[in-house]
Structure formats: C-alpha cells, structure tokens
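Here's the structure, in structure tokens; my notes come after.
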Amino acid sequence: MSTLKVYNSLTRQKETFEPLVNGHVGMYVCGPTVSGESHMGHARPFITFDIVYRYLMHLGYKVRYVRNITDAGHFEEEGREAEDKISKKATIEKLEPMELVQKYTNLYHWAMSQFNNLPPSIEPTATGHIVEQIGMIETIIADGYAYEVNGSVYFDVEKYNTDFAPKGQPYGMLSGRVLEDMLETTRDLDNQEEKRNKADFALWKNAPPEHIMRWKSPWGEGFPGWHIECSAMSTKYLGDQFDIHGGGMDLQFPHHECEIAQSTVCNHKTPARYWLHNNMITVNGKKMGKSYGNQISLTQMFTGNHPILEQAYAPMTIRFFILQTHYRSTLDFGNEALKAAEKGLKRLWEAYELSQKIELTAVQSADAALDATVRKLLATFDEYMNDDFNTAKVLASMFELVPVINGIKDKHIAADALSAETWQLLQKQLKLFVEDIFGLKSELAGGDGKLDGVVQLLITIRLDAKTKKDYVTSDKIRNELATLGIQLKDERDGGTSYSVN
RNA sequence: GGUCCUGUGGCCGAGUGGCUAGGCAGAGCUCUGCAAAAGCUUCUACAGCGGUUCGAAUCCGCUCGGGACCUCCA
C-alpha cells in the first residue's frame, strides 16, 4: 500500500509523512475564538482536520489532537453595546466575559457534534494557561528577543531574524515573506509608537482601565498577545516539536509565523514539522469572514434562516459538501451547489445502506471484469487519501460503485457477478470510509423504530389497496407520506422501500 | 504597492503531458397501474494569445479576469 503524503506549507511540497515518535502523532489545530457564533467558514478546518485525525487513527497511529479555545484577549460580544463595560453598572448588568465565553463555547461544541466531529484529545483554553504564557514570555525576554514598554511586551522580530536567518529559520519562512519588504508595507496600528519596529508583535498587552479581561503579570495588569497561547499550549501538550500544525490559510501570516518565532526562541526548534492549511470558503468569490460581513452562522445554515439561503441545509449535507472539494482549494458557497450536495449525499448514503444489507454468496465471480473493476475502485480509497487527503477523489470512486450496488439490488446485475469475497470487501471498505473516516451518518433522528413500524404498516395497507387495484387509496397513502417527507419506492420485486428527507 | 494562489462544460468541483474523475441539472430510453427511485444512453470543458513537445487542461511566457495575505479573521 502507498504511504501517506501531505502537502507541507513550510516546504511547499508534498512530503511523505513520518512522525517524530514511531506510532504516535501530535497534532495541533487552531480552534475558535468564542466571542461569537461559528460560521460556515469555521466549519471547514474543523471538518478537514477531523478527517485528518480519523484517517491517522485508521492508519494505526495513536494521535494526540489538541485544539484550543481562544477565550482571552480583547473581548466584546459582536454587536453588544460598548457601555456594557462601564463600571458604574451593576455587576449583573455588565458584560461578564466568562458568561459570553461559556455561551459560545457551548454553541460551538453543539455545532461540532452536529457535524459528527470527534472531540479532540485535549481542548485547552487560553484563560486556563495564562501562567504558561507568562512563563514563555519571560523566557523570550531573558533571551533578549522581547522588550517591555509601558506594561506591554513586544517580540523583537528584527533581532530574531538577524540571529535565526543564518540558521535557516528566518522570520517569514512559512509564508514566504521577506522581513525587509514587510517593514515598508505594514500599516499603522494602535500603540505603533511603542514598538521598535513595525513588524514587532505583542506578547503581552497592558490593559487599559476599561478592558474587562485582565490578569496580573510581571509587567502589570494586562492580557496575552494574540499568538502566544498557541505556542504555550502546543509546547505544554505536544512538546518542543510535534508533527502536525493545522489551521486556515488566513492564519499562516502573521499568526503561525509568530508562533514559529516564539516557540523557536523558547524551544530551539521549529515547533511543527508539517504545516497543513485549509483554504477558504467563499461567497460569490469572496472569502466568508468577519471583514466582509458575509458570514452565515451554523445555526442559520441548519435552519435556513438567512437571506441568501433558499432552504435549510443539514449538517451532513455541509460535511459532504466540504468533502467534495480538496481541502487546499477554495470552495465556493452557493445554494445550487449545496442542493447538489444534498442530493448526492442521499444517493450515496442509500446505496451505502443497501450495500450493508445485501449478501452475495458466489464463490467465484461470474463477471471477472466487473469484479476486478470493483476491487480496483475499492483500492483507490486508500490511495487517494494517502495523496494529501483527497476526499474528493475518494467520493468519486464511491459514486462509481453506486450503479453496481443499485444494479445488484435491481437485478440488472446478476447476483453472482461479484464474488462473495469482493462483496464483503466492498461492504467493509465502504463502512470504513463512509462512516469511520468521513464521519458521515444517517440524518434520521432517533431511530427508536417507531417511525419505521408506522411506515411499514402503511406500506402493508397500501399494498392491499394496490392488489385490489384501489389506486385512489394507494396513491393517497403515497402522496400524503410524500408531503411529510417520506418517499415510498416500489421495487421491482414487488416490495416497497422508503426514504426520509 | 509587495508576496502568493487561481481561471475547467448550465452549476459545484477532481485532475500526476498521452488513457479525456465525480456530483447536481438537462435530453432520450427501460422498468412501473401511475409515480418516485434505479439502470442504460446522451449533450456541453479546459480564459485568451504565443511557445516547448510526436502530443498540453496539465510545462514556459505574455495579456485579461478572480481571489488570499500584508489589519481581527478558519
């Protein structure tokens, strides 16, 4: 079997994946900032790296998957009045950061479970690691790569670059930036005058009086800079150097670049060996993001409650939609594309369920060509996944198996066309990839069997009516069920199956 | 302005120089009491112009278009 190759942003090429410690993989993925609700764009990395996580485990690795929750920093709820922060108000009336954080963390966890994403091994919070962050900043200062100004601490990018560029670790190595170029183009920011250099970034920020989240530090009351939490927590749980660092492409610079600089100073190593970045989801060609105001939150997706949504889209539809594209390509959002995904998933899922029910018994296949084709298609699953997690190609192979499965059901294809051995391989491989690795699941809620019992009863009644050629009754049953979203299908063998939309 | 990515058929998308994914939509047929589903068949592609090559969607150059990052952002 082929070996796993991943595209490493750091080297800009596909590389064979080799973990640092045999049999173990450490993976860090940048998680959400819980000051607002997650949107479609956020769903992408979490689904992408859920697949990576699942696939690595399938390959037999023991994976420690760390995904942080950013709950510290400059906190305000989106759209909330600034006066909430004013200290004159009663405590209960004021914005309580932890309440906000709790609310959106809960929502986020709920959305992740809707998507059937496995929980990470460790989900550390920034607020829970202030001590580690301060410790790291102290080390950086002690080593001379950071300086304090008015209670804030900044990372000295130029000094870092001067010292580490000769070692082959220049600042900008991940995003392909050259420091000299950046010094001229960086725009003005708050407190820019405090920095020695425009490219310097904050490790610790002094908290102005009205700032609601604040901690004591050697430099006064303040809060950690944007990048330090990931360095502190990845080091703590994965070590000085670990295997995979993941996140959205928009984090490559400056976030991951700064992470590399901080960690390299403290640990003397480039923190992660493989940097994996997923591309963006776009709306009408524009990235879905805060800056563009074109976000569609996950609850809006699930309910269809948004002006540009023509209908609600189920979590599995969205998951499938995302899997249909390679993670490093942009994915354009649109109702037509989502509807296509919805129908495609339904077709795939129904064929998959069928495949698990049908049993074939032929000792030898009567159609050697078809048998070989099926085996070849099944083998591509692993091959394509090993090629930088190409879920799109795996799905294409699966769809090529759908006519075979349906053909056997409809008896267009003889029951002995495939050998029992091939069929069992198909059942096993489909189960493994559809459910275990792609994490797809039936949209049918509950499954307590009551609905099935009721539908089966109606099917029996309808069959009686049909036998008596009482088509008025039989069509009424079928039509009424259809309006409820239950579709009856008369099979060739005289039986009736149904599917729920 | 700097760095980088990208332009595939009605829509979404995969594509390692030759064997032209896949899904959705459209058309026809089969099956069916009628439907639906399913099956079979079918249609439409590689932004433009040059170049390299026996051969290019795939490599190179130019033009035009789109986008990302450089500021919070998945």
Side-chain angles (χ1 to χ4, degrees), chain A residues 12 14 29-33 35-36 38-49 73-74 172 175-178 180-182 184-190 199 226 246-255 257 277-282 284-292 295 320-321 324-326 328-348 350-351 354 380 384 387 390-400 402-407 409-413 466 469-471 474-475 478-479 482 487-492 496-499:
Chain A
R12 289 155 198 250
K14 272 185 205 166
V29 173
C30 291
T33 302
S35 62
S38 298
H39 58 76
M40 267 293 282
H42 298 103
R44 189 153 193 205
F46 303 140
I47 289 172
T48 297
F49 290 102
H74 187 76
S175 56
R177 268 155 234 268
V178 179
E180 289 74 46
D181 297 344
M182 289 166 40
E184 294 156 16
T185 53
T186 310
R187 296 185 206 174
D188 288 340
L189 290 169
D190 290 347
W226 179 33
M249 270 183 187
D250 49 352
L251 293 180
Q252 207 169 325
F253 189 91
H255 184 58
E257 207 70 73
H277 291 101
N278 64 274
N279 217 316
M280 305 292 105
I281 284 180
T282 58
N284 297 322
K286 278 250 188 290
K287 170 187 164 187
M288 187 183 285
K290 216 191 256 181
S291 351
Y292 299 106
Q295 317 148 80
F320 178 83
F321 176 64
Q324 268 189 310
T325 310
H326 187 254
R328 300 193 65 253
S329 299
T330 54
L331 171 56
D332 199 50
F333 172 91
N335 281 288
E336 215 176 333
L338 260 306
K339 283 180 195 170
E342 183 176 81
K343 289 193 179 175
L345 173 60
K346 185 165 184 270
R347 179 173 152 84
L348 178 67
E350 286 179 10
L354 260 174
T380 62
Y384 294 153
D387 186 12
N390 200 330
T391 55
K393 291 194 82 172
V394 176
L395 283 176
S397 285
M398 287 179 182
F399 272 109
E400 292 202 56
V402 168
V404 176
I405 296 166
N406 286 329
K409 180 203 71 169
D410 286 342
K411 312 222 176 356
H412 294 128
I413 296 173
K466 273 178 71 182
K469 294 207 188 305
D470 178 7
Y471 295 125
S474 71
D475 286 355
R478 187 174 66 197
N479 295 338
Q487 188 180 60
L488 298 188
K489 299 177 230 176
D490 291 337
E491 304 292 345
R492 286 187 85 198
T496 301
S497 64
Y498 71 96
S499 64

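Every value quoted in this text rests on a predicted model; they were computed, and no experiment measured them.
Rounded to whole Å, the separation between the C1' atoms of B/rA57 and B/rG13 comes to 14 Å. Distance noted for atom P between B/rG22 and B/rU41: 12 Å (whole Å). For the P atom pair drawn from B/rG50 and B/rU44, the interatomic distance equals 24 Å after rounding to whole Å. Remark: the separation of the C1' atoms in B/rA56 and B/rC46 is 11 Å, to the nearest Å. Look at the P atom in both B/rG65 and B/rA27: the space between them is 37 Å, to the nearest Å. Nucleotides B/rA68 and B/rC59 are separated by 23 Å at their P atoms, to the nearest Å. Rounded to whole Å, the separation between the P atoms of B/rC43 and B/rG10 comes to 15 Å. Spacing between B/rA47 and B/rG15 at atom P, rounded to whole Å, works out to 16 Å.
Residues A/T330 and A/D490 each lie close to RNA chain B; by heavy-atom proximity, the contact nearer the 5' end of the strand is made by A/T330. Ranked by how close their nearest RNA chain B nucleotide is to the 5' end, A/G285 and A/A396 are led by A/A396.
In this structure, A/R347 reaches the B/rG39 phosphate: one of its side-chain N or O atoms is under 4.0 Å from OP1 or OP2. Contact annotation: A/N479 does not reach the phosphate of B/rA36 (side-chain N/O to OP1 or OP2, under 4.0 Å).
In this entry B/rC24 has B/rG10 as its Watson-Crick or G-U wobble partner, both defining distances falling under 3.5 Å. When both pairing distances are held under 3.5 Å, B/rA47 makes a Watson-Crick or G-U pair with B/rU63. The partner of B/rA35 cannot be assigned: no Watson-Crick or G-U wobble pair with both contacts below 3.5 Å exists in any strand. Nucleotide B/rU58 forms no Watson-Crick or G-U wobble pair with any nucleotide shown, as no partner meets the under 3.5 Å limit on both distances. With a 3.5 Å ceiling on both atom-pair distances, the Watson-Crick or G-U wobble partner of B/rA68 is B/rU3.
Atom NZ in A/K393 sits about 11 Å away from atom P in B/rA21, given to the nearest Å. For the pair A/N278 CG and B/rC5 C1', the computed distance is 15 Å after rounding to whole Å. Regarding A/R44, its CZ atom lies at a distance of 11 Å from the C1' atom of B/rG13, rounded to whole Å. The separation between A/Y384 atom OH and B/rA21 atom C1' is 8 Å, rounded to whole Å. Between the CZ atom of A/R328 and the P atom of B/rG13 there is a distance of 16 Å, given to the nearest Å. Between A/R478 atom CZ and B/rC34 atom C1' there is a gap of 6 Å when expressed in whole angstrom units. In this structure, the CG atom of A/D332 is 16 Å from the C1' atom of B/rA14, given to the nearest Å. Rounded to whole Å, atom C1' of B/rA36 lies 14 Å from atom CG of A/N406.
The local environment of CG in A/N284 is sparse, with at most 12 non-hydrogen atoms from other residues, nucleotides or ligands closer than 6.0 Å.
The residue A/G176 sits close only to the backbone: its heavy atoms come under 4.0 Å of sugar-phosphate atoms, none of a base. Within the nucleic acid shown, A/K343 comes within 4.0 Å of sugar-phosphate atoms alone, with no base atom in reach, counting heavy atoms only. Across all strands, A/I281 comes closer than 4.0 Å to base atoms (heavy-atom distances). At a threshold of 4.0 angstrom between heavy atoms, the contacts of A/M280 include nucleobase atoms, whether or not backbone atoms are also involved. Base engagement by A/H39 is indicated by at least one non-hydrogen atom pair under 4.0 Å involving a base atom. Residue-level contact check: A/S499 touches neither bases nor backbone, having no heavy atom under 4.0 Å from any strand. Among the heavy atoms of the strands lying under 4.0 Å from A/Y471 is at least one base atom, whether or not backbone atoms are also near. As judged by a 4.0 angstrom heavy-atom cut-off over every strand, A/Q252 is placed among residues making no nucleic acid contact. Here A/S291 lies in heavy-atom contact (under 4.0 Å) with a base. In this structure, A/K286 reaches the sugar-phosphate backbone alone: every heavy-atom distance under 4.0 Å involves primed, P, OP1 or OP2 atoms, never a base. At a threshold of 4.0 angstrom between heavy atoms, the contacts of A/F46 with the nucleic acid are absent.
Of all heavy-atom pairs spanning A/L251 and A/C30, the tightest one is CD1-CB, 3.7 Å. Closest approach of A/K489 and A/E350 over heavy atoms only: NZ-OE1, 2.8 Å.
Comparing B/rA37, B/rG15, B/rG39 by their nearest atom to the side chain of A/Q487 picks out B/rA37. Closest approach to the A/H412 side chain among B/rG39, B/rC4, B/rG15 is made by B/rG39 (side chain taken as heavy atoms from C-beta onward). Taking only side-chain atoms of A/V402, from C-beta outward, the nucleotide of B/rG39, B/rG22, B/rC69 with the closest atom is B/rG39. Checking B/rG23, B/rC12, B/rA68 against every side-chain atom of A/L331, the shortest atom distance belongs to B/rC12. When the nucleotides B/rG23, B/rA14, B/rC70 are ranked by their closest atom to the side chain of A/P254, B/rC70 comes out on top. Set against B/rG39, B/rA68, B/rG23, the side chain of A/Q324 has B/rG23 as its closest nucleotide. In the set B/rC34, B/rC12, B/rG2, the nucleotide with an atom closest to the side chain of A/R177 is B/rG2. Counting only heavy atoms from C-beta on, A/D475 has its side chain closest to B/rG33 among B/rC70, B/rG23, B/rG33. Side chain of A/D410, nearest nucleotide from B/rA38, B/rG33, B/rC69: B/rA38. Comparing B/rG39, B/rA14, B/rA36 against the side chain of A/K489 picks out B/rA36 as the nearest.
Put simply, the side chain of A/D250 and the base of B/rC70 share no donor and acceptor less than 3.5 Å apart.
A donor-acceptor pair shorter than 3.5 Å can be found between the side chains of A/S397 and A/T380.
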For this session: Might you work through the side chain to side chain contact (heavy atoms under 4.5 Å, CB included) test for A/D250 and A/K287, ending with a clear yes or no?
Result: CA-CA 10 Å; A/D250 49 352; A/K287 170 187 164 187; 3.3 Å; yes
For this session: Report the C-alpha distance between A/R44 and A/N279 in whole Å, list the side-chain angles of each, state the deciding distance to 0.1 Å, and finish with yes or no for side chain to side chain contact (heavy atoms under 4.5 Å, CB included).
Result: CA-CA 8 Å; A/R44 189 153 193 205; A/N279 217 316; 4.0 Å; yes
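Salt bridge status for A/D490 with A/K466: present, with a side-chain N to carboxylate O gap under 4.0 Å.
Side-chain atoms of A/L338 and A/F333, non-hydrogen and from C-beta on, do get closer than 4.5 Å to each other.
At distances below 3.5 Å, at least one donor-acceptor pair connects side-chain atoms of A/E257 with backbone N or O atoms of A/G172.
Residue A/F399 and nucleotide B/rG23 are not classified as a stacked aromatic pair, given the requirement of ring centres less than 5.5 Å apart at an interplanar angle below 30°.
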